[in-house]
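Data first, discussion second: the structure below is written as structure tokens.
Letters A, B, ... mirror the listed sequences (proteins, then strands); counts begin at 1. None of the values given here were measured: they were computed from a predicted structure.
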Amino acid sequence: MEMTGTLSYGAAYETKVEQQIKTIFANYIKSDGLFKDRNVLSSTWVPNRILHRDAEVLQISSLLAPALRGYKPNNVFVYGTVGTGKTITTVSVLNELNKAAKANKRDVKAIYLNCKMKRVSDTEYRLLAQLIREFGEAVPETGLSTASLYQKFFDAVKGKHVIICLDEIDALVNKIGDTFLYNLTRSEQSLSIIGITNNLSFFDNLDTRVKSSLGEEEIIFKPYNAVQLKDILMSRVGQAFSMPVDESIISKIAALAAQEHGDARRALELLRVSAEFAERNGDSVITESHVDFAAERIDHDRITEAIKGQPKQSQAVLASIFAVKDSAANGGSWKDTRVLSTDVYAMYRKICERVGLKSLTQRRVSDLIGEFETFGVIETRVISRGRYGRMREIIVHLNEQMKLKVQKLLAEEGL
DNA sequence: AGTCCACAGGAAGGGCAGGCGA
DNA sequence: TCGCCTGCCCTTCCTGTGGACT
């Protein structure tokens with residue numbers, strides 16, 4: 001969008017729109033509305049006390065404690081689905097460890113790195129460079145060989161007890177392989193690694209030597225239940241909002257989030273978006289309908305964004321799933337009809353022909369269907385129909401309303 | 001009990017685009 | 001700028017599989 005110079009509109013438009021914009025800005029400046037501090041509802045905000053993770057905090061602390069007495073802690077592998085508190089729990093223990101080390105003058109350093117950070121820690125070079133910078137040494141963006149970076153890093157580490165926490169370690173390994181981990185775990189220095197991931201199968205694909213060394217200790221974070229989510233939300237309400245929030249609203253949000261996967265990130269997001277709805281409506285408290293709106297909005301955004309970002313082929317596959325489901329439902333209940341991969345592929349071929357798209361092989365389409373499963377749009381399971389073969393049954397996780405929206409979106413893409 | 005269906009999904013490799021070092 | 005490397009998408013080939021049918 002061009003933002004230079006003065007743009008000119010019709011005079012009437014100008015006065016009306018300008019007035020609106022002024023009002024919005026003025027209202028915003030006057031107060032942060034219902035919010036006192038929005039950051040409190042961010043999933044990365046680390047609270048003073050982490051609720052319902054006492055056992056995990058204790059476990060991680062006692063695993064890392066040996067560093068304070070000059071021993072090398074075991075490597076730890078932390079696993080849990082999204083929003084189970086893996087990161088904030090680990091980070092807060094690392095913070096405490098650093099504090100304790102400083103207070104007792106121990107040469108212990110705990111470093112946290114998110115491996116998904118683009119341009120910071122997504123290649124071997126950048127990751128090493130980032131680690132070296134943590135020790136206050138300058139490293140050029142590019143130019144050094146990886147070997148000399150390793151040398152620099154091991155020099156920096158020498159004599160210290162270093163704990164490196166690699167969050168989303170699966171993303172790292174997918175990108176640069178596991179030699180990096182191998183090199184670190186094999187080092188002579190007192191170097192411990194905490195790997196955090198929500199992808200358990202990732203662990204199985206590692207080099208066996210890395211696996212045995214990284215998996216010295218394993219900690220699994222279970223999803224929160226509704227009661228725990230409620231506690232977590234309640235603990236943040238006071239700091240986040242300048243308004244009171246009814247307990248029944250919190251319960252509702254907790255229940256919704258627990259239904260899904262016990263995901264605290266989602267619970268917090270629901271609370272924040274509900275409040276934003278209330279605020280935009282000019283209401284002074286959150287009501288149930290705000291929560292309903294928020295839940296629908298979040299679902300909608302998540303799914304439509306996921307679909308919009310897909311390549312044409314994937315969109316065609318999704319359109320095929322919908323088309324088969326529609327014809328199978330045949331005016332009956334959309335919700336209960338199930339779809340078979342065979343039919344989807346046949347429909348996909350037809351759609352490709354119609355829109356002039358080169359059709360992919362069944363093998364590939366099978367993988368594309370699998371990808372939609374990771375978005376949570378569909379769920380599949382392998383069924384056998386005896387003499388009539390073995391195939392995947394596809395269950396679509398969208399209500400009628402969402403379905404119409406997605407179909408509209410696909411239609412806009414020409415499918 | 002054995003056969004056979006029709007796809008799931010692993011393995012290997014081709015082709016292409018984009019990134020990177022020289 | 002060029003050539004090499006790497007990652008990604010996709011195909012081909014292949015083995016495995018649960019249960020209806022014979």
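In terms of heavy atoms, Gln315(A) sits closest to Ile307(A) at NE2-O, 3.1 Å. The minimum heavy-atom distance between Lys308(A) and Leu409(A), with the atom names listed, is CE-CD1, 3.7 Å. The two atoms that bring Ala264(A) and Leu229(A) nearest to each other are CA-CD2, 3.6 Å, heavy atoms only. In terms of heavy-atom proximity, Met402(A) sits nearest to Asp299(A) at CE-O, 4.4 Å.
Donor-acceptor pairing under 3.5 Å, judged by distance alone, is absent between the side chain of Arg387(A) and the base of dG18(C). If you check distances only, the side chain of Arg385(A) never reaches the base of dG18(C) with a donor-acceptor pair under 3.5 Å.
Across residues 339-350 of chain A, Ser341(A), Thr342(A) each have a non-hydrogen atom less than 4.0 Å from an atom of DNA chain B (numbered order). Across residues 388-396 of chain A, Tyr388(A), Gly389(A), Arg390(A), Met391(A), Arg392(A) each have a non-hydrogen atom less than 4.0 Å from an atom of DNA chain B (numbered order).
In this structure, the CZ atom of Arg363(A) is 16 Å from the C1' atom of dG14(B), given to the nearest Å. When the P atom of dC9(C) is taken as reference, atom NZ of Lys358(A) falls 15 Å away, rounded to whole Å. Distance Gln362(A) CD to dT12(C) P: 13 Å, rounded to the nearest Å. Following rounding to the nearest Å, Asp367(A) (CG) and dG10(B) (P) show an atom-to-atom distance of 8 Å. Following rounding to the nearest Å, Ile383(A) (CD1) and dA20(C) (C1') show an atom-to-atom distance of 13 Å. Here the P atom of nucleotide dC8(C) and the CD atom of Glu371(A) are 12 Å apart, to the nearest Å. dT17(C) atom C1' lies 17 Å from atom CZ of Arg381(A), rounded to whole Å.
For Lys312(A), the NZ atom sits in a packed shell: over 12 heavy atoms of surrounding residues, nucleotides or ligands are nearer than 6.0 Å. Shown here is Phe154(A), whose CZ atom has more than 12 heavy atoms of other residues, nucleotides or ligands within 6.0 Å.
For the 3.5 Å distance criterion, the side chains of Ser274(A) and His290(A) fail to qualify, holding no donor opposite an acceptor.
Figure legend: cation-pi geometry between Arg272(A) and Phe35(A) absent, as NZ or CZ is not positioned both under 6.0 Å from the six-membered ring centre and within 45° of its axis.
At dC10(C), one or more side-chain N or O atoms of Arg364(A) fall inside 4.0 Å of OP1 or OP2 (strictly under the cut-off).
A perpendicular orientation is assigned to the rings of Phe153(A) and Phe135(A), their planes being inclined by more than 60° (bins at 30° and 60°).
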